[in-house]
2 protein chains.
Amino acid sequence: MSDLLERLRGRGWRLTAQRRVVAEVLDGDHVHYTADEVHAKASERLPEISRATVYNTLGELVSLGEVIEVSTDGRAKRYDPNAHHDHQHLVCSRCGTIRDVHLHGDPLSSLPEPERYGFQVSEVTVTYRGICPNCSATS
Amino acid sequence: MSDLLERLRGRGWRLTAQRRVVAEVLDGDHVHYTADEVHAKASERLPEISRATVYNTLGELVSLGEVIEVSTDGRAKRYDPNAHHDHQHLVCSRCGTIRDVHLHGDPLSSLPEPERYGFQVSEVTVTYRGICPNCSATS
DNA sequence: ATCTTGACTTAGACATTGTCCAATGTAGGA
DNA sequence: TCCTACATTGGACAATGTCTAAGTCAAGAT
């Protein structure tokens, strides 16, 4: 993600302090933040950045395919900067931690033709749930 | 789902008009309603039912394993009464229609041991996305 | 059949997450 | 340096969900 800003500039993105900070937050720790968490982290470096800008910027990064939107719990969406490697997610049912995981085979092929009901199926997301080692230790 | 009410009563559920109506709404058309849609349908039969009760009742049905909570879009959760047959979902990216689908094989087995990071993995949800025949006709 | 009681329901306030808009600011080309 | 189209801001608004205190009622006990 280090050359992300250059890539985006090449696509006509205007490079502002706010966008730079949002991109840096995502690029930093490799976790899955919510929009408001990104806003909080960004505010540490650029105190007056607004929530609207963070939401706008995240939306643009998603549209541009640089970031993936993940909604595992029906609560706040989370943003995953690991958009260039195909992967799925493993979520702890207790603490909500999310890990990126890599699957055996292509899950698209698990959906038989007669089960496609004429849809042009183009995408599949797989979410595994369970208890993480940390949580099962402290149960 | 016809004997649902009996089953629930056997588990100590107090059988009220409100709960009966919510169960009937879910049992009726076999679609995936949001909580507020269930509330609207229920209000047709029992005008003074409150939103809180619908939310409570849906939550209880989910806890009891009689209904599945589906969040495909990060917006409102939807409620799927088809809890007793293992299935996954196929969603139209344009209009949001949801179909139940049945997979080939067990998706749990697609996650290799080293990709489980010590989690006790117990559940997997697979969501396919694409364009439904209706939407691709009217594009 | 009536009583009693704890579970259920209600209305509405509140919380969280996300969107929109008009006014203001500014990046980057001319 | 100046322009201007694009970006940012703050705050109102919207959608969804949660909580609480007070009133109501289902169903077992009498």
Side-chain angles (χ1 to χ4, degrees), chain A residues 5-25 32-43 45-64 66-80 96 98, chain B residues 4-25 32-43 45-64 66-80 96:
Chain A
L5 294 174
E6 272 315 312
R7 244 184 299 144
L8 294 174
R9 186 141 59 162
R11 299 207 225 169
W13 235 42
R14 186 174 289 187
L15 195 39
T16 66
Q18 290 83 350
R19 288 175 169 178
R20 197 179 341 250
V21 167
V22 169
E24 284 170 5
V25 168
H32 303 76
Y33 291 129
T34 64
D36 279 344
E37 284 167 354
V38 172
H39 178 232
K41 296 266 174 193
S43 297
R45 308 194 205 180
L46 192 65
E48 290 318 309
I49 190 171
S50 79
R51 249 169 35 97
T53 296
V54 172
Y55 275 91
N56 287 343
T57 304
L58 289 172
E60 288 155 9
L61 289 171
V62 170
S63 296
L64 291 169
E66 297 289 346
V67 162
I68 290 174
E69 211 171 57
V70 182
S71 42
T72 50
D73 60 351
R75 305 293 305 250
K77 289 173 193 159
R78 294 179 172 275
Y79 293 88
D80 182 345
I98 302 177
Chain B
L4 169 61
L5 294 174
E6 272 316 312
R7 242 183 303 144
L8 293 175
R9 186 143 57 165
R11 298 207 223 170
W13 236 41
R14 185 173 292 186
L15 194 39
T16 66
Q18 291 83 352
R19 288 175 168 177
R20 198 181 339 252
V21 168
V22 169
E24 283 169 8
V25 167
H32 303 76
Y33 291 130
T34 64
D36 279 343
E37 284 166 357
V38 172
H39 179 233
K41 297 266 174 195
S43 297
R45 308 194 205 178
L46 191 65
E48 292 316 311
I49 190 172
S50 80
R51 249 169 33 96
T53 296
V54 172
Y55 275 92
N56 287 343
T57 304
L58 289 172
E60 287 155 9
L61 289 171
V62 170
S63 296
L64 293 169
E66 297 289 346
V67 162
I68 290 173
E69 209 170 58
V70 182
S71 43
T72 52
D73 60 350
R75 305 292 306 251
K77 289 172 192 160
R78 293 179 172 276
Y79 292 88
D80 182 345

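We use all heavy atoms of the structure for the numbers below, so side chains are in, but hydrogens, waters and symmetry mates are not. Just so we're on the same page: letters track the sequence lines, and every chain starts at 1.
Between the side chain of A:Arg51 and the base of D:dG10 there is no donor-acceptor pair of N/O atoms closer than 3.5 Å. On a pure distance criterion of 3.5 Å, no polar donor-acceptor pair joins the side chain of A:Arg14 and the base of D:dA7.
In this structure, B:Arg75 and A:Arg75 both approach DNA chain D, and ranking their closest nucleotides by distance from the 5' end singles out B:Arg75. Comparing B:Ala17 and B:Ala35 by the nucleotide of DNA chain D that holds the closest heavy atom to each, the one mapping nearer the 5' end is B:Ala35. Residue B:Glu48 is the one, among B:Gly74 and B:Glu48, whose nearest nucleotide of DNA chain C lies closer to the 5' end (criterion: closest heavy atom).
Taking 4.0 angstrom as the limit, B:Thr16 places a side-chain polar atom (N or O) nearer than this to OP1 or OP2 of C:dT9. Contact between the side-chain N/O atoms of A:Tyr55 and the OP1/OP2 oxygens of C:dG18 is found at a separation under 4.0 Å. For the pair B:Gln18 and C:dT10, the criterion of a side-chain N or O lying under 4.0 Å from OP1 or OP2 is met.
Side-chain atoms of B:Arg19 come within 3.5 Å of backbone N or O of B:Arg14 as a donor-acceptor pair. Listed for the B:His39 side chain is a donor-acceptor partner under 3.5 Å among the backbone atoms of B:Ile49.
Atom P of nucleotide D:dT24 and atom CD1 of B:Ile49 are separated by 17 Å, given to the nearest angstrom. A:Tyr79 has its OH atom 12 Å from the P atom of C:dT17, to the nearest Å. As a whole-Å value, the separation of B:Leu15 CG from D:dG28 C1' is 15 Å. Atom CG of B:Asn56 and atom P of D:dT16 are 18 Å apart (whole Å). Nucleotide C:dC8 holds its P atom 16 Å from the CG atom of B:Leu46, rounded to whole Å. Remark: P of C:dT9 and CZ of B:Arg20 are 11 Å apart, rounded to the nearest angstrom. Between B:Asp36 atom CG and D:dA14 atom C1' the separation is 12 Å, expressed in whole Å. Atom CG of B:Leu8 is separated from atom P of C:dA7 by 17 Å (rounded to the nearest Å).
When the nucleotides C:dG18, C:dA11, D:dG17 are ranked by their closest atom to the side chain of A:Ala76, C:dG18 comes out on top.
At a threshold of 4.0 angstrom between heavy atoms, the contacts of B:Thr53 include nucleobase atoms, whether or not backbone atoms are also involved. Base engagement by A:Ala52 is indicated by at least one non-hydrogen atom pair under 4.0 Å involving a base atom. A:Arg19 comes within contact range of the sugar-phosphate backbone alone, with a heavy-atom separation under 4.0 Å but no base atom that close.
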Legend entry - Candidate pair A:Arg78 and A:Ile98, rule side chain to side chain contact (heavy atoms under 4.5 Å, CB included), full reasoning: CA-CA 10 Å; A:Arg78 294 179 172 275; A:Ile98 302 177; 3.5 Å; yes
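Look at B:Glu66 and B:Arg11 and you find a salt bridge, because one of the NZ, NE, NH1 or NH2 atoms lies within 4.0 Å of a carboxylate O, short of that distance.
Looking at every heavy atom in both residues, A:Asp73 comes nearest to B:Lys77 through O-CE, 4.0 Å.
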